[in-house]
Amino acid sequence: MPRFEIRRRALATCALGVLSAAVALVTPAPAAAAASTLGAGAAQNGRYFGTAIASGRLNDPVYTTIANREFNSVTAENEMKIDATEPQRDRFDFTAADRVYNWAVQNGKQVRGHTLAWHSQQPDWMRSLSGGALRQAMINHINGVMAHYRGKIVQWDVVNEAFADGGSGARRDSNLQRTGNDWIEVAFRTARAADPAAKLCYNDYNVENWTWAKTQAMYAMVRDFKQRGVPIDCVGFQAHFNSGSPYDSNFRTTLRNFAALGVDVAITELDIQGAPPATYANVTNDCLAVPRCLGITVWGVRDTDSWRPEHTPLLFDGNGNKKAAYTSVLNALNATSPPTPGSRTIRGVGSGRCLDVPGAATTDGTQLQLWDCHNGTNQQWTSTSAGELRVYGDKCLDAAGTANGAKVQIYNCWGGDNQKWRLNSDGSIVGVQSGLCLDAAGAANGALIQLYSCWNSGNQRWTRA
Ligand code: G3I
């Protein structure tokens, strides 16, 4: 279906959004306060903040208290891997995986699935297979695990760590790779059929630095998959930074370039040797700067929970105290979208025209449009510390829905997330509730304003003047 056709259909459904905004009016407006946990801080930016959870630690109350308080997304550290879920061929065992899954869901958290096809942590029976038998075993495994969690996992790491380290840009040699170069796309096609609701991710490490051969190889694969219609929705950057694989500020370029291919990106296993606060803040800001960055997961709660405790790479020390890195991450999550004092116009980069309330109307539900900039009061927007964009003092830029094509209108300010916006450094303006971009459905006078998936084109970039 052509893009404009999708938009027209979506516009026709916007009346529903008006209804929900009206219902929401009865909800009291929350006070605008800085978030006090990582999960809440990420949520106010339309992201999640997650952690790896180890089932064996779920009876440690210090661990569960921190994990429950701070994080709103969970990845099983080992329990959903191949050796754990299919220890014997065709005999699936979800005991440990379900412990983690149930703890997460009972505590209101979303779950990332990790991982379905990987050269490591294979059970003995799989390690001894090759060729067509191994290929079939991989397919059976994906089907078995995804069937158990069908509709319940937001993102699945379908394939993990398939590229070689070093400068070759080659695939990693493994029993799966030796079944044929197409094993990765077969895994993704199998996964899409097994659970169409899950976002399907490719996940790897040492792929954060844009100049590295491994990064470029992964980029070429994702571009090829998108061109050929292989179903891939997201790329996970593990982000295990250490002295041999240090953080580089070009990580943001990497995230942006992958997002521009039409996939979401996520930071999936973050830990940083020594936990320098500035580097943790940089990584956080990198994700916040890229509208398609879904969220951040750290690979464990306390340093003592880490797979490499000697590097003390996490946000809490062994006693469960917040480290300096914790504060720098939380500050970064709270520091976004600083209010710009005074009223300003919001000008479309592609059109050169301004965000405008048609006819200077004040009626709730009036959809916004582009119009020649003239500095009238119906083009003057004030950003507030709550993340609102206000016009006439008490009317807010309001999303009447959360889907592509949802109309963007004026509505009485009431403090809802559909009235909060993140002004990104790349010029995009992202709805906190939907994660979608403020989008002009055209460039002429009268072009309507809607929500749409972020793709960083001129009709989604804005300047304030
Ligand atoms: O549970 C057994 C225990 O019974 C036994 O006594 C002990 C003896 O070694 O081993 C325990 O299992 C260990 C398991 O972690 C649970 O602690 C395994 O040996 C050990 O190999 C395993 O390590 C995991 C590693 O993946 C395996 O590849 C780490 O916990 C886990 O953090 C790590 O996670 C990976 C991601 O999946 C992919 N990206 C890299 C990341 C870090 O290596």
Side-chain angles (χ1 to χ4, degrees), residues 42 45-47 49 155 157 161-169 199 201-227 232-273 276-298 328-329 332-333 335-337 349-350 422-430 435 437 453-463:
N45 292 289
R47 289 5 187 239
F49 211 104
Q155 301 169 33
D157 289 334
E161 302 175 358
F163 286 95
D165 286 312
S168 71
K199 288 194 187 209
C201 303
Y202 176 80
N203 192 52
D204 214 328
Y205 66 91
N206 286 358
V207 288
E208 294 78 17
N209 187 319
W210 178 243
T211 68
W212 285 20
K214 194 171 172 183
T215 311
Q216 293 300 315
M218 182 171 84
Y219 181 81
M221 180 189 76
V222 175
R223 186 178 52 196
D224 171 56
F225 280 11
K226 293 300 288 183
Q227 281 168 353
I232 181 168
D233 305 307
C234 38
V235 174
F237 298 82
Q238 294 184 8
H240 292 294
F241 295 115
N242 55 64
S243 49
S245 175
Y247 170 81
D248 188 291
S249 61
N250 70 22
F251 184 30
R252 190 176 298 192
T253 303
T254 304
L255 293 174
R256 253 195 203 128
N257 287 346
F258 274 88
L261 291 176
V263 288
D264 292 328
V265 294
I267 296 169
T268 52
E269 303 181 15
L270 177 63
D271 51 18
I272 312 177
Q273 184 173 4
T279 313
Y280 260 106
N282 287 339
V283 174
T284 305
N285 284 324
D286 290 341
C287 180
L288 294 176
V290 179
R292 289 198 81 145
C293 182
L294 300 170
I296 299 173
T297 300
V298 287
S328 76
V329 170
L333 294 170
T336 54
S337 300
V349 169
R422 209 182 115 62
L423 314 180
N424 292 301
S425 54
D426 66 358
S428 61
I429 298 181
V430 175
C437 271
S453 300
C454 302
W455 55 306
N456 206 238
S457 55
N459 68 326
Q460 293 189 343
R461 285 202 302 276
W462 308 86
T463 57

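With hydrogens and angles ignored, the 3.5 Å screen pairs no side-chain donor or acceptor of His240 with any backbone N or O of Tyr205. The closest donor-acceptor contact from the side chain of Asn45 to the backbone of Arg47 lies at 3.5 Å or more, if one exists at all. In this structure, Arg223 contributes its side chain and Met221 its backbone to no donor-acceptor pair below 3.5 Å. Side chain of Thr215 to main chain of Trp210: no donor-acceptor pair is present (N/O by atom type, distance under 3.5 Å, no hydrogens or angles).
The distance from atom CG of Leu255 to atom SG of Cys293, rounded to the nearest 0.5 Å, is 5.5 Å. Residue Ile267 holds its CD1 atom at 10.5 Å from CG of Leu294, rounded to the nearest 0.5 Å. Atom CD1 of residue Ile429 and atom CG of residue Leu423 lie 5.5 Å apart, to the nearest 0.5 angstrom. Phe251 CZ to Asn285 CG: the interatomic distance, rounded to the nearest 0.5 Å, is 12.5 Å. Note that OG of Ser245 is 8.0 Å distant from CG of Asn209, once rounded to the nearest 0.5 Å. Interatomic distance, CG of Asp271 versus OG1 of Thr297, reported as 11.5 Å (0.5 Å rounding).
Remark: Arg292 pairs with Asp264 by the salt bridge (Lys or Arg N to Asp or Glu O under 4.0 Å) rule, at least two apart or across chains.
Here the side chains of Tyr202 and Val263 are not in contact, with every heavy-atom distance at 4.5 Å or above. Contact check for Tyr280 versus Ser328: side-chain heavy atoms found under the 4.5 Å cut-off. Residues Gln273 and Ser243 form a side-chain contact, since some pair of their non-hydrogen atoms from C-beta on lies under 4.5 Å apart. With a 4.5 Å cut-off on side-chain heavy atoms, Val298 and Phe49 count as touching.
A salt bridge links Arg252 with Asp286: the distance from a Lys NZ or Arg NE/NH1/NH2 to an Asp or Glu carboxylate oxygen falls below 4.0 Å.
The nearest pair of heavy atoms linking Val430 to Pro291 is CG2-CB, 3.8 Å. When all heavy atoms of Cys201 and Gln155 are compared, the closest pair comes out as SG-OE1, 3.8 Å. Of all heavy-atom pairs spanning Ala213 and Gly167, the tightest one is CB-O, 3.5 Å. Heavy-atom minimum distance, Ala42 versus Leu333: N-CD1, 3.8 Å. The heavy-atom pair separating Pro276 from Ile272 by the smallest distance is CD-CG2, 3.7 Å. The shortest non-hydrogen separation linking Met218 to Phe163 is CA-CE1, 3.8 Å.
Only one option out of Asn203, Ile296, Val283, Thr254 pairs with Phe237 in a side chain to side chain contact (heavy atoms under 4.5 Å, CB included); it is Thr254.
Listed by first and then second residue, the salt bridge (Lys or Arg N to Asp or Glu O under 4.0 Å) pairs that reach into residues 201-221 are Asp165-Lys214, Asp204-Lys214, sequence neighbours excluded.
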